[in-house]
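Encoded as structure tokens, the structure appears first; notes follow it.
Protein chains get the first letters and strands the later ones, always in sequence-line order, with residue 1 at the start of each.
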Amino acid sequence: MKKVFLLMGAICMGLLLTAAIPTVSQAASPVVIGSIDPLTGSNAIQGADMQRGEKLAMEQINAAGGICGRPLKIIWEDTESSAKGGMAAVHKLVEINKVHVILGAYSSGISLPTGQWTNSKKIIQISEASTSPKLRNIGPYFFNVMGLDEVMGTKLAEFAMESGAKTFASITVNNPFGIGIEIWTKKTIEKAGRKWLVGVRYDEKKLDYRAELQRLFAKKPDAVFFTAYGTESKLILKQAYEMGLKPPKGWYADYMTMWSNEVIPKTAEGIKGLVMGSNSGARYEAYHKAYLKRFGKDAKQTAFGAYAYDATWIAALAINMAGTATNTDKIAKALYTVSRIYKGVTGDKSFDKDGMQVTDYYRRMIYHNGKLVPYKKK
Amino acid sequence: MSVLQVILNSIIRASELALLSLGLTIVYDILKFANFAHTEYAVVGAYFAFILNVTLGLPIFFSAILAAIATGIFAILIDRVVFKKMRNANGIIVMVTSLGVAIALRNTVRAIWGASPKSYNVPLQAPIVTKYFRITPLQIWIIAVGAAAMVAFYILLHYTRLGKAMRAASDNPDLAQASGIATEKIVTAVWFIAISFASLGGILIGMETYLLPYMGFAIIIPVFCAAIMGGLGNPYGAMLGALVLGFAENFGLYINFGKLFNLGGLLHITHRALFIPTGYKPAISFVILIVVLLLRPRGILGKKEER
């Protein structure tokens with residue numbers, strides 16, 4: 001079965017890659033696209049994984065003959081895990097490097113402002129790891145390869161309610177992503193007739209979160225929803241541990257690989273939650289093997305490298321199908337077609353009418369002895 | 001959370017701030033300018049300690065002491081290169097120059113160590129738990145170091161020749177020089193002491209949280225607030241300002257203003273619990289500063305200027 005899937009994937013990609021070759025007359029100068037990843041700052045670990053995913057896809061595309069016979073070249077810019085850094089990165093890529101397609105970013109707080117700007121310039125941006133429902137309204141040149149928070153928030157709340165908890169609270173980052181999670185978990189909890197106590201929103205890159213934690217636990221919630229980027233999660237969980245704060249029915253976290261590689265293991269023991277993206281099937285196994293061979297690292301470390309890998313392939317295939325690397329109207333149109341044909345490492349990648357993912361995969365996990373393991377109901 | 005825990009949190013916060021605001025105020029006292037680079041020196045010190053502790057593997061205790069000394073010397077070098085040429089310049093010009101030094105230091109740190117957070121080799125500490133409060137061994141250290149630094153500074157100022165010379169230079173620099181006090185030596189000592197203290201403060205904050213190149217910018221407001229509130233130029237004022245600020249920030253978030261509006265149940269203005277949102281914690285510093293300056297424009301312990 002694995003072989004059949006691999007063969008189908010290869011045939012599909014081969015057809016797409018060769019489809020537009022005759023229409024492109026340029027010499028073998030590279031097709032240049034940009035990427036904005038968090039290579040430093042709070043999300044540097046996830047950013048490094050995303051860069052590796054993109055690099056692997058680029059090398060495979062070039063090994064397969066490139067785009068319309070031309071090699072693919074990615075110019076990486078560092079967002080420094082901030083919106084300000086993200087804006088500087090897209091300005092540089094568009095105004096200096098003259099790219100027409102940009103991959104990234106990680107976090108809705110960065111994808112929203114950069115997407116609004118690139119969309120206004122008719123530049124294609126394919127977000128790889130952003131989930132705020134607000135992304136839906138950016139415009140026709142903005143796409144997203146990850147499912148939005150509407151689904152994640154609901155599924156996470158359903159998971160937490162199975163614990164028997166009666167009262168809930170949340171601590172989320174004060175940006176469109178965090179607020180989206182708070183809104184959707186709260187909505188689901190209240191709809192089910194359970195009690196919502198408080199939603200605490202924290203600012204990124206602070207040096208102390210004790211005040212937020214005290215406020216969170218003041219009303220003694222049974223279960224707490226938690227979302228945080230790597231750096232902040234390390235400090236928040238450390239300070240909660242030092243303050244002896246632990247909800248009786250446990251913490252429930254979204255996108256667990258956002259922080260699972262950075263926290264102090266003892267402080268995160270027993271946190272339950274969801275991890276996105278498929279981690280099985282022939283496509284995933286092939287990606288995992290290639291990643292391990294190329295970088296000597298486990299691709300399962302974070303979920304985001306696989307999304308970046310898929311985004312790179314989708315971008316390359318769409319440029320190839322459009323037969324142009326500069327006409328973004330044609331590339332945008334091709335992206336819809338490619339998204340339906342392409343079999344992603346992270347699952348079905350079909351875009352809806354707004355360029356957002358139709359569906360995504362969520363796996364229940366628990367943090368135990370310093371790593372994420374599948375959650376099994378006792 | 002008990003009131004005792006809030007008091008303890010306030011003292012911890014005040015201990016960290018006092019180390020930084022004390023240095024800021026003594027530089028102002030002797031050199032007559034507000035040093036905007038002060039908290040950036042704290043960051044430099046924290047990263048020096050990172051090299052010693054993480055790269056070279058020294059214990060954090062020795063790393064902190066060596067880094068504080070190294071940063072003090074580094075500040076003297078910066079003084080020789082930048083500030084010495086401006087001894088007789090207007091305080092505003094020197095202040096703007098210090099802002100330039102701050103930006104240069106922040107970006108140099110970022111260029112060398114990157115924007116990602118760094119941590120010392122300090123194991124996770126289980127808190128000491130009592131019925132009324134919890135405290136980690138590191139937090140006890142922070143209070144102890146803060147208190148020891150304040151006592152050491154008091155002894156230095158009142159029981160040593162250097163301290164007496166510093167006070168003389170502060171009161172009347174011309175008269176002090178005419179009396180044979182080498183004011184340049186005093187300036188060197190002031191830089192060393194102020195920045196070593198700041199460096200210790202930066203290291204303690206880094207130990208409790210993590211190291212970031214922009215952490216100096218994140219702490220500059222409360223440090224300035226504490227120093228101004230206490231009376232800029234008065235070392236005891238800076239300590240008191242830090243204490244007031246530590247208590248204001250923690251009690252400001254702890255108090256249920258709903259109860260306050262209802263006068264403890266006598267009135268029924270609101271039935272809701274009203275707390276200041278945690279995101280407004282930095283604003284508490286400003287509000288307290290404005291209130292203090294409205295009531296006492298020269299700060300709590302500030303001297304009245306002679307005309």
Segment of B/Pro213 engaging chain A (4.5 angstrom heavy-atom cut-off): neither
Flag if over 12 foreign heavy atoms under 6.0 Å of CZ, B/Phe247: yes
Proximity breakdown for B/Phe133 and chain A, heavy-atom pairs closer than 4.5 Å: neither
Interface residue of largest heavy-atom contact number with chain B, from A/Ala44, A/Ser42, A/Ala211, under 4.5 Å: A/Ala211
Within-4.5 Å side-chain heavy-atom neighbours: B/Thr209 and A/Gln239: yes
Lys/Arg N to Asp/Glu carboxylate O, A/Asp208 vs B/Lys281, below 4.0 Å: yes
Under 4.5 Å from any heavy atom of chain B - which part of A/Tyr241: both
Proximal component of A/Ile264, with respect to chain B [non-hydrogen, under 4.5 Å]: side chain
Crowding at NZ, A/Lys92 (>12 non-hydrogen neighbours, <6.0 Å): yes
Partner set under side chain to side chain donor-acceptor pair (under 3.5 Å) for A/Asp298, not counting sequence neighbours: A/His288
Heavy-atom proximity to chain A below 4.5 Å, by part of B/Ile276: backbone
Pairwise distance NZ(A/Lys234) to OH(B/Tyr210) - rounded to 0.5 angstrom: 9.5 Å
B/Trp141 atom CH2, neighbour heavy-atom count above 12 within 6.0 Å: no
Part of A/Glu242 within contact of chain B (heavy atom distance under 4.5 Å): both
Partner of B/Thr278 by side chain to side chain contact (heavy atoms under 4.5 Å, CB included), out of A/Glu212, A/Arg201, A/Gln214: A/Glu212
B/Leu124, part contacting chain A, at a heavy-atom distance under 4.5 Å: side chain
Structural part of B/Ala126 lying under 4.5 Å from a heavy atom of chain A: both
Per-residue contact mode, B/Glu249 against chain A (heavy atom under 4.5 angstrom): neither
Structural part of B/Ile219 lying under 4.5 Å from a heavy atom of chain A: side chain
Which portion of A/Arg210 sits near chain B, non-hydrogen atoms under 4.5 angstrom: side chain
